[in-house]
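Side chains included, hydrogens not; waters and symmetry mates left out as well; all remaining heavy atoms used. Letters A, B, ... are given to chains in the order of the sequence lines, protein chains preceding strands, and every chain is numbered from 1.
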Amino acid sequence: MVSAGGLGYRLGSGRDILAEIDFTLSPGSFLAVVGENGAGKTTLLDLLMGFRRRARGSLSVLGQDPDTDPWQARSRIAYLSEKIDMPGDWVVADFLGFHRRFYRSYDRDEERTLMGRLGLRSDTRLGTMSAGENRRVQIVAGLAARPELLIADEITAVLDILGRRLFLALLKERQQTMGLTTVLATNVPEGLDPYADHVLVISRGRQVAFSRIASYVPDGGSLADAIADTLTTHARALP
Amino acid sequence: MLGHFLKRDFRDFLLWWIVIGIVTITFALLHLVSGDSLGPALLLPSGYFLLFLAYLMFANLPMNYVLGSLWRTQHGWSRHYLLALPLSHWRLFGILHARIAVFWLPLIVAASAGGVLFGWTLRFSARQWTLSCLGLFTSVVLWMEMNIWCALLMERIRGYISAGSRVRAWVSMIAVTYGVMGLVGAAWFNVLVPDRAASYLDLPRPLAVAYWPGASWALFPVGLLLAALWARWNARRWCVTLGSGPNVKRVDPA
């Protein structure tokens, strides 16, 4: 479904932002990508979406190389990001109406159900909504397209606690019923334990852990604590 | 899919279309009532120049919106959204040009109709007719690519680049803008002003090409070639998949 081997990204100035990223995700997995601020999480997701061109290594998303502009594959991907903005003059219905035209598998019944569950009204102007509400609209648009892969870049940070739990529960439901694969980059790993099954920890552009959560988290411990331990250990190891 | 975008653009810019419609009607009424007295009153050869200016500003209006620019207002959309859509990025780049071209229609129509309405083109020779058509096409595409380039350069300027790079970017933007205006202006001068009249004008040396007989036959094709190369450059800057090789220097969408 998604695999990276020796993946690296380098700025034009020659500075390495990401290096030696190796992981493979099978369909139906839920990967949490975590790391300190500036670790390279967003860069990794940009590479997965083809927004940046890798400097080295291999990368495959839904069997395609993102650098080759695999536009057909993008109809099977939902991309949710804080960087996605829609015109503030539009109402929610305008945006969903515009968006659904691009996705053959878009399900309007699903859209209505999700609107209800996420507490959204179709006549609300996007410009008057909070950042969290805007993300909820994105979630509706993304999930109603019935994607096989969901790539979410730090979208949970602006959701309130109930919104965050609901979002993760929606992903879990789709993972179980439709085999949805999720790659979620986040700075807030707390509470992810019941949902994610894999974790990728990045520190200063280097992969310091990729593992199944069941084997990564010690008995009785939490995912957040295990990640904090990994990052602390890695920080100490640096000169 | 182009229609889907155009329909949306029309709704989003409806107010501006109404404004430009009002400007056009006002100009037409003034022209009917007082002839072309507006231009001379403002020391312009014709009031038509004011209308052209309004149309030119209108054509520049949607640039950041269409590109999904980094320095867009909250009324725009982000490039990340556009690039994540299941559309080929080349196709999307083509759609982007078509969407921008729609905003040039008032100017294109005015330029085409103006000559007939005011009798400028009635005295045109076949050579001038041919060059005018070529010139109009060249001017629009060259200006369009320049606008896209400027918008992308502004993204770079507002990004995390050094003060020196910012200054260089500003200087290049100003230089290129004047360069394009000079090229297009010289070519049009060469088409519209008879050789004899031109020879009496004491133009600065770099602009003297404007009265070389037949210079526009070379200037317009050069402009077209520049526009084509510029489109290629802009594509790589707009989206990394439209470039070649690793780490194409570009502004990352945000």
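The closest donor-acceptor contact from the side chain of S78(B) to the backbone of K83(A) lies under 3.5 Å.
For F98(A), the parts sitting under 4.5 Å from any heavy atom of chain B are the backbone and the side chain alike. Only the backbone of P66(A) has a heavy atom closer than 4.5 Å to any heavy atom of chain B.
Rounding to the nearest 0.5 Å places NZ of K7(B) at 6.0 Å from CZ of R101(A). Atom CG of L92(B) sits about 9.0 Å away from atom CG of D69(A), to the nearest 0.5 Å. Atom OG1 of T68(A) sits about 10.5 Å away from atom NE2 of H89(B), to the nearest 0.5 Å.
Minimum heavy-atom separation, Y79(A) to A84(B): CD2-CB, 4.0 Å.
Looking only at side-chain heavy atoms (C-beta outward), R74(A) and L83(B) stay at 4.5 Å or farther from each other. For the pair F51(A)/R79(B), no side-chain contact is recorded, criterion being any heavy-atom separation below 4.5 Å from C-beta on. Counting heavy atoms from C-beta on, the side chains of Y103(A) and L85(B) come closer than 4.5 Å.
Within a 6.0 Å radius of CZ in R121(A), other residues, nucleotides and ligands contribute 12 heavy atoms or fewer. Counting non-hydrogen atoms of neighbouring residues, nucleotides and ligands closer than 6.0 angstrom, the CE atom of M1(B) exceeds 12 such neighbours. The number of heavy-atom neighbours closer than 6.0 Å to CH2 of W17(B), taken from other residues, nucleotides and ligands shown, is above 12.
Under a cutoff of 6.0 Å and an axis angle of 45°, R11(B) and W90(A) do not form a cation-pi pair.
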